[in-house]
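Encoded as structure tokens, the structure appears first; notes follow it.
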Amino acid sequence: MELLKRINLISKLTLLTALIMFIYGIICRIIPIYFFWESLYLSAIVFLIGVFFVLNFESKKIQSESKSNIVLIIGKAFTILSIIMFVLINILFNNSDALKTIENHVKNNTELTNELGQINSVIALPIGSINSKMDSRGKSGNATLTLLLKGDKKYKEMMFSAQKDFDSDWKTIEKN
């Protein structure tokens, strides 16, 4: 409770916003509410920003008292690194050929269209992996991506896998 009294208003509001987004993200899946499902994952970024604000505020306070704040500086660096990695993963996933192949598969899948309605949006969530390697034979790889599918009727999170052999394009190989 003492920590809550010590941190500034912006830090409190940022952390509260992250908590509300997280709780809403869970509730909207349970009820279900088909609006802003991304909140569950975006709450992680907002939380990290709030943590950075708290660490920065505490660091300035300790610095003004001429005390060592190396732990806070390391914490701030780790927080910034985490935010940058989250953003880079999102950029890489959303610009990958594997995602484009899976997205085409999803939009042309009559089973999913019957269940979700016309699929309006496919969003790659920051959960999964993309591995590829290049050698003298060409490029190969595999990908496992978790997607948020937004249809006219409802939304759904699903995991898809794709594979690329040396002499072919990416192919969707399974869905969970």
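In this structure the side chain of L48 never reaches within 4.5 angstrom of the side chain of F86, judged on heavy atoms. At least one side-chain heavy atom of K154 sits under 4.5 Å from a side-chain heavy atom of L116. Contact of the T146 side chain with the M159 side chain is registered, since non-hydrogen atoms from C-beta on lie closer than 4.5 Å. The shortest side-chain heavy-atom distance between F160 and T144 does not fall under the 4.5 Å cut-off. Looking at heavy atoms from C-beta onward, L112 lies in side-chain contact with M158 at the 4.5 angstrom threshold. Side-chain contact between L55 and T79: present, with at least one pair of heavy atoms (C-beta onward) separated by less than 4.5 Å.
Residues N94 and A124 share a closest heavy-atom pair of OD1-CB, 3.5 Å. G25 and R29 get closest at one heavy-atom pair: O-NH1, 2.8 Å. Residue K153 comes nearest to E115 through the heavy atom pair CD-O, 4.0 Å, listed as atom of the first residue, atom of the second, then distance. Considering all non-hydrogen atoms of both residues, A143 and W170 come closest at N-CZ3, 3.8 Å.
No donor-acceptor distance shorter than 3.5 angstrom exists from the side chain of N56 to the backbone of F52, with no hydrogens or angles considered. A donor-acceptor pair under 3.5 Å links the side-chain atoms of N114 to the main chain of T110, judged by distance alone. Checking side-chain atoms of N69 against main-chain N and O of L72 turns up no donor-acceptor pair under 3.5 Å. Under a 3.5 Å cut-off, the side chain of Y155 and the backbone N or O of Y34 do form a donor-acceptor pair.
Surrounding OH of Y24 are more than 12 heavy atoms belonging to other residues, nucleotides or ligands, all under 6.0 Å away. Sparse packing is recorded around CG of D169, with 12 or fewer heavy atoms of other residues, nucleotides or ligands lying under 6.0 Å away. Within 6.0 Å of CZ on F166 lie more than 12 heavy atoms contributed by other residues, nucleotides or ligands. Residue L16 qualifies as enclosed at atom CG: its count of foreign heavy atoms under 6.0 Å is above 12. In this structure, K60 places its NZ atom where only 12 or fewer heavy-atom neighbours from other residues, nucleotides or ligands lie under 6.0 Å away.
With hydrophobic clusters built from ILVMFWY side chains whose heavy atoms lie under 4.5 angstrom apart, L148 does not share a cluster with F36. Hydrophobic clustering of Ile, Leu, Val, Met, Phe, Trp and Tyr side chains at less than 4.5 Å, counting indirect connections, unites L19 with L42. Hydrophobic clustering (side-chain heavy atoms under 4.5 Å, transitive across Ile, Leu, Val, Met, Phe, Trp, Tyr) keeps L147 apart from I127. Side-chain heavy atoms closer than 4.5 Å link hydrophobic residues (I, L, V, M, F, W, Y) into clusters, and following such links, even through other members, never connects I26 to I45. Under the 4.5 Å side-chain heavy-atom criterion for grouping Ile, Leu, Val, Met, Phe, Trp and Tyr, F93 is not connected to I84 through any hydrophobic cluster.
Rounded to the nearest 0.5 Å, atoms CG (D152) and CD (Q118) are 6.5 Å apart. For the atom pair F57 CZ and N8 CG, the distance stands at 5.0 Å (nearest 0.5 Å).
The salt bridge (Lys or Arg N to Asp or Glu O under 4.0 Å) contacts involving residues 125-142 comprise D135-R137, where partners must be two or more places apart or lie in separate chains. Residues in residues 37-47 take part in these side chain to side chain donor-acceptor pair (under 3.5 Å) pairs, two or more places apart or across chains: E38-K150, Y41-E157.
The one candidate from N109, N108, I102 that meets the side-chain contact (heavy atoms from CB on, under 4.5 Å) condition with V106 is I102. Considering D165, I173, N131 as possible partners of N142, the one that fulfils the side-chain contact (heavy atoms from CB on, under 4.5 Å) test is N131.
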